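Following: one structure in structure tokens, then a few remarks.
Quick caveat: nothing in here was measured; it's all calculated off a predicted structure.
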Amino acid sequence: MGDQNIRPLWHRSSYSSANIENCVEVALVGREVWVRDSNFPHLPTLSFTRRTWSEFLAELGSPTTP
């Protein structure tokens, strides 16, 4: 989990809208990517290295993803 003293600039997923309840937000913080559920922003965040996050996104776009 990231440092609680940092005020990140959160970005909502481009797939999210006002009518969708399942929303993910991400913020770039130093060398990390923080991820949170926008419905519960007060709960802890997940943090990933930028490389791990990029690999995760690439895998999501892979046609071999189950």
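Closest heavy-atom contact between V24 and S38: N-OG, 4.5 Å. Shown here for E25 and W10, the closest heavy-atom pair between the two residues is O-CZ3, 3.6 Å.
With rounding to the nearest 0.5 Å, the separation of OG1 in T45 from CZ in F40 is 15.5 Å.
Qualifying side-chain contact (heavy atoms from CB on, under 4.5 Å) partners for F48, counting only residues two or more places apart in sequence or in other chains: V35, L46, T52, W53. Under the rule for a side-chain contact (heavy atoms from CB on, under 4.5 Å), the partners of R51 that lie at least two apart in sequence or sit in another chain are T49, E55.
Under the 3.5 Å distance criterion, the side-chain polar atoms of R50 are matched with a main-chain donor or acceptor of G30.
The hydrophobic clustering, which links ILVMFWY residues whose side-chain heavy atoms are closer than 4.5 Å, places L9 and V33 apart.
Sorted pairs that involve residues 40-49 and meet salt bridge (Lys or Arg N to Asp or Glu O under 4.0 Å), not counting sequence neighbours, are lacking altogether.
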